[in-house]
Amino acid sequence: MRHFSGVLNGQPWDGLVVERPEDLGPFRRWVADQAQSGTPVAADTETCGLKIYAWGPGFLRLAQFGTETEAWAIPIEHGPEFVEAAAWALRILPDLTGHNWAGFDALVSDEHLGVPLEETCAKVTDTQILAKLVDPRQQMEGGIGSSLKPLSAHYIDSAAPDTQDGLKSVFKALKLRIAEGFAKIPLDHPTYLEYGLLDVILTSRLRPRLERTLEKLGVPKRLAVYEHRVARICAQMVRAGMVLDEEYTLGLQSDLSYDAERFAEVAAGYGVDSVNSGRQVAAALMGMGETLTEKTASGAWKVDKAVLMALADLDRDWKPIHSRTANPLAEAVLRSKRAGKWRSAYADNFLDNVDAGGRIHPNVQSMQARTFRMSVTNPAVQTLPSSDKMIRRALLADEGHVMISTDFQAVELRVLAALADVKRMKLAIANGEDLHSFTARLVFGEGFTEKDRKVSKGIAFGKVYGGGASTVSRQTGAPIDAVQRAMVKYDQVYPEVGRAAKDWRIEAFNNRMVGISITGHRLPLDRDRSYAITNYLVQSTARDCLGQALIHMDEAGLVPFLRLPIHDEVLASVPKGDAEEVGRAIARCMTFDLKGVQIEATPDIGKRSWGSLYGADY
DNA sequence: CGTCTCACG
DNA sequence: ACGTACGTGAGACGG
């Protein structure tokens, strides 16, 4: 047994590190005592990295348990008796505290200790969830942040050590890169152990302080309960993962590499060494006699996709417009950059994250954005190209299954109608009308064109996002004066929207620049961008429609089919024979009333690959 | 590490 | 008083 101790915020703490099997006796007695008294115990795991599934055995190195003053570290790496003891502790302790538990440690202990995540998530209070309910912003955005260090500094002791940062300097001293440090640092390294122990002490001390803060702020308890449940459902999706068509992906990888190189060679012929260097591309284009007009924020010539597409005489579908002679360099740069990005960001990432069973497990962060929208990383499967089926074709439903995608119908607009109580919009929704056609008819009259509908759609989003006529004009391609006229008309047709936006801003100002959604989520505003409150409320409420739908699916026993949340859509893998029935059941879970407005969804049943929902034939 | 670009909802 | 497009993740470049 090894001892550590210290003082934090004037309060001493003690740490014990189990070294030999005989040390497990005292550990088990300590755990039994905590279980008996019902004291909350924080749990944490130290691993070789973040790839819970792709790493393989030996991934989990250390497990820690601790109260506000006492901590234990168990060297999982040293053998099955240590695995057994840690698993037993997780099972027997009735009240656990974790930090990002469902997002990481629940999956780690599920996969590497054999303790099902359902079992631990049911009794964990997650300090990261609580912290985000206080303030969802990242540090960059002016928030406290949600990792242990800034939270500890804010709530416990401004002198609390930065354990993550401290470890990184140890890695440096050991001549290890950060990525390999967590895997290679000796298990008995004192800094590694001390910081591992401190993490559970800090997490334990954080919990009551966050609970008190939430109470003081009047955040409803049921909101925390709801978010813990959503986080657990997301963890179940991460554990399930998706089948990767490895053979197809390898082919894709080499095809995309070939394209990227082929077009890069064309660009090289015009003096562009790296197509991703905007500076080189701009210089070469101007050398060919092209005139660039737009500049970036920092004053460099802007050569983004829109600029290059115009020079290459291509429309949004990459078809010639015949409005000018196509610039061959612009087209080569576009094609090389696209192929290169699709290979590295998608094909490479798929293969880098595949587990031994041929699956990828994209990581879902269930309350990532400042509006609590979810994000998915490693790989970022929420952002796969949708205009082309080729990338999504690589991801498959399980053997004998098909992919089902079920989307909410115009959910943000319906949420706006519900929150702002927009009478005519609510009526149109109740009558089953197409909302954008309905608006186009009101704004442009009975003889509205498809173009008018597009402008109406642009204005609808512009209103939700807080945009102006120039942005809507740019997005829709409609002339600015037409958009301006239409926006004035829109305000007359739906007067409640502008009025509500004004009220929401005033409410937020009166609440120290924090908007409160109908579910009770706190939405901090930037002082100079208070107009964003409309978007925050709508986006956040739409996100809670997804959360509510996931809970309905949990109640209906549908979670085992779920694979991904994509903002207004869920992707599921369902046995072929049950597709119709399960698709209907999922859509039912996504159908409910929001303040008198029906939220609805439609299932789309595909074949085995995700790409089949975008036109692929497998 | 900040900036730019580009993929999504 | 006016007007402001929202939220993400990831890779490449260049200092």
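Below, read A as the first sequence line, B as the second, and so on, with proteins coming before strands; counting in each chain starts at 1.
With a cut-off of 3.5 Å on both pairing distances, the Watson-Crick or G-U wobble partner of C/dC13 is B/dG2. Nucleotide C/dA1 is matched to nothing when pairs are restricted to Watson-Crick or G-U wobble geometry with both distances under 3.5 angstrom.
In this structure, A/Leu613 atom CG and B/dG9 atom C1' are separated by 16 Å, rounded to whole Å. Regarding A/Asp407, its CG atom lies at a distance of 13 Å from the C1' atom of B/dC8, rounded to whole Å. To the nearest angstrom, C1' of C/dG9 lies 11 Å from CD of A/Gln138. Atom-to-atom, CD of A/Gln280 to P of C/dC13 comes out at 9 Å; the value is rounded to the nearest Å. Rounded to whole Å, atom P of B/dG9 lies 20 Å from atom CG of A/Leu416. Atom CG of A/Leu523 and atom C1' of C/dC6 are 12 Å apart (whole Å). Computed from coordinates, the A/Lys132 NZ to C/dG7 P distance equals 15 Å when rounded to whole Å. What separates CG of A/Asp491 from C1' of C/dG3 is a distance of 13 Å, to the nearest Å.
For A/Arg279, there are no salt bridge (Lys or Arg N to Asp or Glu O under 4.0 Å) partners two or more places apart in sequence or in a different chain.
Contacts between residues 362-394 of chain A and DNA chain C, defined by a heavy-atom separation under 4.0 Å, are made by A/Gln368, A/Ala369, A/Arg370, A/Arg373, A/Ser375, A/Val376, A/Thr377, A/Asn378, A/Ala380.
Here the side chain of A/Arg343 pairs no donor or acceptor atom with the backbone of A/Ser254 at under 3.5 angstrom.
Between A/Lys305 and B/dA7 there is a side-chain N or O to OP1 or OP2 distance below 4.0 Å. When the side-chain nitrogen and oxygen atoms of A/Arg279 are compared with OP1 and OP2 of B/dT3, none of them lie within a distance under 4.0 Å. The phosphate of C/dC6 has OP1 or OP2 within less than 4.0 Å of a side-chain N or O from A/Tyr531. For C/dG14, the OP1/OP2 oxygens have no side-chain nitrogen or oxygen of A/Asn276 closer than 4.0 Å. Put simply, A/Tyr346 has no side-chain N or O that comes within less than 4.0 Å of OP1 or OP2 on B/dA7.
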- Message: Let's go through A/Met374 and A/Val230 carefully: what are the C-alpha distance in whole Å and the side-chain angles of both, what is the deciding distance for side chain to side chain contact (heavy atoms under 4.5 Å, CB included) to 0.1 Å, and is it a yes or a no?
- Response: CA-CA 10 Å; A/Met374 299 172 187; A/Val230 169; 3.7 Å; yes

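Backbone-only engagement by A/Val303 is indicated by non-hydrogen atom pairs under 4.0 Å involving sugar-phosphate atoms exclusively. Using a 4.0 Å heavy-atom criterion, one finds that A/Arg505 contacts the bases of the nucleic acid, with or without backbone contacts as well. Within 4.0 Å of A/Gly468, counting heavy atoms only, lie sugar-phosphate atoms of the nucleic acid but no base atom.
For residues 373-394 of chain A, no pair satisfies ring pair (Phe, Tyr, Trp, His ring centres under 6.0 Å), with sequence neighbours left out.
Screening A/Asp245, A/Thr249, A/Leu384 against A/Leu395 for a side-chain contact (heavy atoms from CB on, under 4.5 Å) leaves a single residue, A/Leu384.
Side-chain polar atoms of A/Gln539 and A/Thr371 form a donor-acceptor pair below 3.5 angstrom.
Taking the six-membered ring where tryptophan is involved, the planes of A/Tyr490 and A/Tyr494 are perpendicular, since the angle between them exceeds 60° and thus also 30°.
Nearest to the side chain of A/Ser344, among C/dG7, B/dT5, C/dG11, sits C/dG11. Distances were taken from every side-chain heavy atom of A/Thr296 (C-beta onward) to each of B/dC4, C/dG3, C/dG11; the shortest belongs to B/dC4.
The shortest distance between side-chain heavy atoms of A/Thr296 and A/Asp304 does not fall below 4.5 Å.
Ranked by how close their nearest DNA chain C nucleotide is to the 5' end, A/Ser274 and A/Glu141 are led by A/Glu141.
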